[in-house]
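Read the structure below first, then the notes.
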There are 2 protein chains.
Amino acid sequence: MPGGRPRAFDLDAALDRALEVFWRQGYEGTSLSDLTAAMGINRPSLYAAFGTKEELFRRVLDRYVEGPGGFAAEALAAPRAREVVEKLLTGAIALTTTPGRPRGCLNVRHAQACGPESESVRQGVVARKLADQAGLRRRLEEAKATGDLPADSDPDQLARFVTTLTDGIAVQAAAGATPEQLHRVVELALRAWPDGDAAGR
Amino acid sequence: MPGGRPRAFDLDAALDRALEVFWRQGYEGTSLSDLTAAMGINRPSLYAAFGTKEELFRRVLDRYVEGPGGFAAEALAAPRAREVVEKLLTGAIALTTTPGRPRGCLNVRHAQACGPESESVRQGVVARKLADQAGLRRRLEEAKATGDLPADSDPDQLARFVTTLTDGIAVQAAAGATPEQLHRVVELALRAWPDGDAAGR
DNA sequence: CAAGTACCATACCGATAGGTACAAAACTTG
DNA sequence: CAAGTTTTGTACCTATCGGTATGGTACTTG
């Protein structure tokens with residue numbers, strides 16, 4: 001029975017434009033006008049397709065982890081724990097310093113202080129971040145169980161160590177650090193990794 | 001010649017209130033009404049005493065580094081490089097997780113993505129962060145020159161490593177990490193420090 | 001090609017943003 | 001205590017915020 005006028009824009013393309021703006025300007029620094037201008041649609045269309053600004057942002061977060069943040073899921077699938085963390089760290093550098101896209105990390109940015117009106121958004125981002133960190137911890141627990149990590153190692157500590165580094169990398173990138181500089185930081189940091197100095201100095 | 005009605009509030013106390021609000025809510029998430037309410041003064045008084053919102057924020061940044069951020073300058077004065085970085089890292093944990101104050105770091109938060117209207121604020125914060133990092137690098141260069149760090153060590157890399165960790169600590173704190181968890185991260189990270197495993201595993 | 005349906009565009013909503021005009025109030029100086 | 005100076009409180013400014021009502025438009029279905 002239904003039919004209706006067809007949508008004149010592509011949903012995913014519009015979502016990508018919104019992601020770009022939120023990534024570059026932050027949730028609070030982005031207005032509906034910024035969004036509609038970047039997405040090439042007008043306000044009612046945005047509302048009909050994505051709901052409120054906050055709902056749109058949540059959909060953008062999904063797109064972020066599926067797209068630019070997809071390296072993380074791939075990294076967890078690496079055979080050895082050391083590889084997992086190397087891929088996470090180098091992936092974080094690429095994510096946050098690739099030319100032509102905003103610097104820094106959408107999640108890291110939005111896990112931090114914001115006005116009361118955006119607090120629910122922040123909470124959602126924090127929850128995602130904690131879930132990611134827990135996923136890494138489980139991966140490292142598995143590695144420990146199979147002997148891929150020493151018996152006296154602490155997966156929770158190790159996972160938090162890696163996440164602290166990726167968080168720091170995102171901040172450094174936002175402040176202008178180059179990928180080369182960050183790769184050297186990672187190289188140094190990995191000397192603390194419990195399977196010894198496998199990447200060698 | 002001059003005289004005039006005396007100011008009915010304390011400048012530094014008002015600045016501290018403003019710091020608290022900016023720290024908790026971020027520059028963009030804080031309105032003039034939030035500020036005047038917290039400072040206990042009205043709008044024209046705020047303007048007369050501190051200028052625009054942006055000028056007030058810059059004064060708050062100064063107060064931040066002199067007050068809560070003061071540990072950093074003290075850390076640089078420690079006799080050995082290892083002590084310097086230990087104090088910086090543990091100080092960062094205390095700064096960002098002390099109960100009763102906002103979680104996270106004012107500088108780290110504001111070095112990241114924001115709307116175009118706040119971009120000049122962000123640039124200022126980034127400049128401060130880079131200056132701090134350069135200060136640490138010079139301190140480590142000095143340590144290397146005096147043999148306190150190995151001859152093959154790289155002060156720039158080491159300074160960036162430590163700053164990446166403090167940045168990451170701030171993000172972790174904002175996401176709810178406890179001081180204990182972060183101390184264990186620091187303990188692990190210090191195994192990568194070039195003077196060896198001085199803090200022991 | 002008539003009926004039904006979903007989308008698009010303009011124009012608008014109340015609320016709030018940062019910032020200020022103005023006059024009353026509280027002080028110092030002569 | 002009069003003149004001059006600075007702060008305070010109220011009331012208001014324009015611009016923009018996120019969100020929506022409305023009516024025309026383009027399509028699918030029968």
Side-chain angles (χ1 to χ4, degrees), chain A residues 1-15 17-19 21-22 24-61 110 113-122 124, chain B residues 1-15 17-19 21-22 24-61 110 113-122 124:
Chain A
M1 25 182 96
R5 178 172 176 172
R7 186 175 285 119
F9 62 95
D10 182 63
L11 276 181
D12 286 338
L15 223 37
R17 304 293 192 85
L19 167 56
V21 179
F22 277 133
R24 175 160 280 125
Q25 306 191 354
Y27 179 78
E28 288 176 323
T30 300
S31 69
L32 263 318
S33 299
D34 291 334
L35 289 168
T36 54
M39 299 164 88
I41 64 181
N42 43 36
R43 243 170 245 246
S45 297
L46 188 157
Y47 258 77
F50 305 107
T52 69
K53 183 186 175 188
E54 177 165 348
E55 289 165 343
L56 170 61
F57 185 76
R58 297 192 123 94
R59 295 196 53 172
V60 160
L61 284 179
H110 291 91
C114 64
E117 329 249 290
S118 314
E119 181 59 24
S120 64
V121 167
R122 200 195 125 246
Chain B
M1 19 186 112
R5 177 171 176 171
R7 185 174 285 120
F9 62 95
D10 182 63
L11 275 181
D12 286 338
L15 224 37
R17 304 294 193 85
L19 167 56
V21 180
F22 277 133
R24 176 159 279 127
Q25 305 191 356
Y27 179 78
E28 289 177 322
T30 300
S31 69
L32 264 312
S33 300
D34 291 333
L35 290 167
T36 55
M39 299 164 89
I41 64 180
N42 43 37
R43 244 168 245 246
S45 297
L46 189 156
Y47 257 76
F50 306 107
T52 69
K53 183 185 175 189
E54 176 164 350
E55 289 165 344
L56 171 60
F57 185 77
R58 298 192 122 93
R59 298 196 51 172
V60 160
L61 285 179
H110 291 91
C114 65
E117 329 249 292
S118 314
E119 180 60 24
S120 64
V121 168
R122 201 195 124 247

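Throughout, protein chains are lettered first and strands after them, A, B, ... in sequence-line order, and every chain is numbered starting at 1.
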Heavy atoms from other residues, nucleotides or ligands near CD of A/E54 exceed 12 (cutoff 6.0 Å): yes

For [X] and [N], what is the distance between atoms [atom1] and [atom2] respectively, to the nearest whole Å?
{"X": "B/E54", "N": "C/dG18", "atom1": "CD", "atom2": "P", "answer": "13 Å"}
{"X": "B/L46", "N": "C/dG19", "atom1": "CG", "atom2": "P", "answer": "10 Å"}
{"X": "B/R43", "N": "D/dG9", "atom1": "CZ", "atom2": "P", "answer": "14 Å"}
{"X": "B/D34", "N": "C/dG18", "atom1": "CG", "atom2": "C1'", "answer": "12 Å"}
{"X": "B/F57", "N": "C/dG19", "atom1": "CZ", "atom2": "C1'", "answer": "19 Å"}
{"X": "B/D10", "N": "D/dT8", "atom1": "CG", "atom2": "C1'", "answer": "17 Å"}
{"X": "B/E28", "N": "C/dG18", "atom1": "CD", "atom2": "P", "answer": "11 Å"}
{"X": "B/K53", "N": "C/dG19", "atom1": "NZ", "atom2": "P", "answer": "8 Å"}

May I ask you to verify if any side-chain N or O of [X] is less than 4.0 angstrom from the OP1 or OP2 atom of [N]?
{"X": "B/R7", "N": "D/dT7", "answer": "yes"}
{"X": "A/S31", "N": "D/dT16", "answer": "no"}
{"X": "A/S45", "N": "C/dC8", "answer": "yes"}
{"X": "B/N42", "N": "D/dG9", "answer": "yes"}

Any idea which heavy atoms bring A/S33 and A/R43 closest together, and the distance? OG-NH2, 2.8 Å

What does [X] touch in the nucleic acid at a heavy-atom separation under 4.0 angstrom: a base, only the sugar-phosphate, or nothing?
{"X": "A/P6", "answer": "sugar-phosphate"}
{"X": "A/T36", "answer": "nothing"}
{"X": "A/A49", "answer": "nothing"}
{"X": "B/A48", "answer": "nothing"}

Do [X] and [Y] come within less than 4.5 Å of each other through their side chains, counting heavy atoms only?
{"X": "A/F50", "Y": "A/L15", "value": "yes"}
{"X": "B/R17", "Y": "B/F9", "value": "no"}
{"X": "B/K53", "Y": "B/F22", "value": "yes"}

Could you say whether A/L32 or A/P44 is positioned toward the 5' end of DNA chain D, judged by the nucleotide with the nearest heavy atom to each? A/L32

Select one nucleotide: of D/dT20, C/dA21, D/dT7, the one nearest the side-chain heavy atoms of B/R5. D/dT7

